Colleague: 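Questions regarding the structure given below will be posed in turn.
In this chain, numbering begins with 1 at the start of the sequence shown. Numbering of ligands and ligand atoms starts at 1, following listing order. Only a predicted model underlies this, so the values are computations on that prediction, with no experimental measurement involved.
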Amino acid sequence: MINGAINDLAKARQELASAQSLEQLEQIRVSYLGRKGLLTEKLSSIKDLPPEDRRAAGQELNRIKRELEGLLESRQAELGKDAEEKDRQQKIDVTLPGFGTERGSRHPVSIILEEIVDIFEGMGFSVEEGPDAETDYYNFTALNFPKDHPARDMQATFYLESGLVLRTHTSPVQIRAMTKLKPPLRVICPGRVYRCDADVSHSPMFHQVEGFQVDRHINFAHLKGVLMQFLKEFFGGDIKIRFRPSFFPFTEPSAEVDIGCLLCGGKGCSACKQSGWMEILGSGMIHPNVLKNVGYDPEQWSGFAFGIGVDRLAMLRYKIDHIRLFYENDLRFLKQFY
Ligand code: DAH
């Protein structure tokens with residue numbers, strides 16, 4: 001019996017040394033010293049020994065029991081300390097300074113784009129969108145561009161290998177919207193457009209908002225009324241505006257609208273190419289051929305259309321003298337807008 005108890009002690013020593021938690025220690029304690037533990041059982045079977053052996057066996061078993069209890073206690077202290085340390089490390093030190101959070105800001109062109117859309121929505125226009133990679137048909141043919149029109153020139157248009165083009169204006173969305181919907185119509189089409197062009201006021205990618213209205217008896221006065229209302233709302237009361245006769249294949253008659261340069265007050269600067277005026281949009285009465293191309297009878301329906309240069313308006317609003325600043329993603333620049 002004593003030999004068995006010594007073996008138990010050796011085994012218990014190993015188990016205690018490899019225990020990883022207070023829970024494991026408790027299991028070990030129960031299996032040796034609990035009510036039905038190995039040592040407890042051995043102690044209670046002392047009474048079955050011959051009387052002359054009982055004293056020595058009792059002394060030895062109690063010595064083993066005390067040693068085991070001592071070992072248990074010191075392991076408990078060790079593991080208890082570890083648990084405390086872990087706990088301490090997990091606690092949050094509320095006196096530490098927090099992590100800084102960067103505040104994002106909206107892109108100036110997005111701000112202006114949304115503002116334009118808001119104003120036209122207020123006048124009853126709804127929003128339609130089209131793809132950036134467009135077919136020649138929607139970008140040119142349906143808009144009454146003759147086959148040899150210079151706007152189809154490789155120098156202005158990005159041709160894709162697939163045979164599509166990156167749309168050079170938002171006007172193709174006019175065709176898509178008119179084909180999809182029935183007149184009377186009042187629609188705007190905001191989006192990105194692409195041209196092989198770059199200087200202080202041109203970037204290879206820029207933004208336009210197309211707009212058009214088709215109804216019975218629409219005339220140039222409606223066009224002028226809507227655009228004046230828009231420009232007044234956008235710039236406030238005191239700006240100079242001029243309608244200048246122009247040409248677009250998809251409108252007849254056509255006009256461009258210039259605004260007195262807000263950067264130099266009309267004196268002439270690099271942004272307005274020393275003219276004192278900045279072109280901000282093209283417009284006109286929708287050409288009868290365009291109406292025919294979408295299946296509308298030009299004898300019954302007429303309409304006006306316009307295309308606004310969003311980046312130009314953003315430059316004027318924020319007095320920015322180079323369009324490149326919008327697309328360089330310099331945070332020092334972008335952080336100024338909210
Ligand atoms: N699509 C023209 C451009 O990109 C702008 C334009 C002019 C749009 C006249 C129109 C319009 O809808 O009627 O320069």
Colleague: Heavy atoms, side chains only, cut-off 4.5 Å: are Gln27 and Val30 in contact?
Modeller: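 They are not in contact (no side-chain heavy atoms under 4.5 Å apart), so the answer is no.
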Colleague: Verify the distance criterion only: is there a donor paired with an acceptor across the side chains of Thr168 and Asn139 at less than 3.5 Å?
Modeller: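 Asn139 and Thr168 do have a side-chain donor-acceptor pair below 3.5 Å.
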Colleague: With a 4.0 angstrom cut-off on heavy atoms, strictly below it, pick out the residues next to ligand 1 and order them by chain and number.
Modeller: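 The 4.0 Å shell around ligand 1 contains His169, Ser171, Gln174, Arg195, Gln208, Glu210, Phe248, Phe250, Thr251, Gly282, Ser283, Gly284, Ala305, Phe306, Gly307.
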Colleague: Could you go step by step and tell me if Asp8 and Tyr32 meet the side-chain hydrogen bond (donor to acceptor under 3.5 Å, both in side chains) rule?
Modeller: CA-CA 8 Å; Asp8 287 347; Tyr32 291 92; 5.8 Å; no
Colleague: Less than 6.0 Å separating the ring centroids of Phe326 and His207?
Modeller: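 No - the distance between ring centres of Phe326 and His207 does not fall below the 6.0 Å cut-off.
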Colleague: For the residue pair Phe306 and Phe304, categorise the inter-ring angle as parallel (less than 30°), tilted (30 to 60°) or perpendicular (more than 60°).
Modeller: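 Taking Phe304 first and then Phe306, their aromatic rings lie parallel (interplane angle under 30°).
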Colleague: Output all residues satisfying ring pair (Phe, Tyr, Trp, His ring centres under 6.0 Å) with Phe125, sequence neighbours left out; order by chain, then residue number.
Modeller: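 So Phe125 forms a ring pair (Phe, Tyr, Trp, His ring centres under 6.0 Å) with Phe120.
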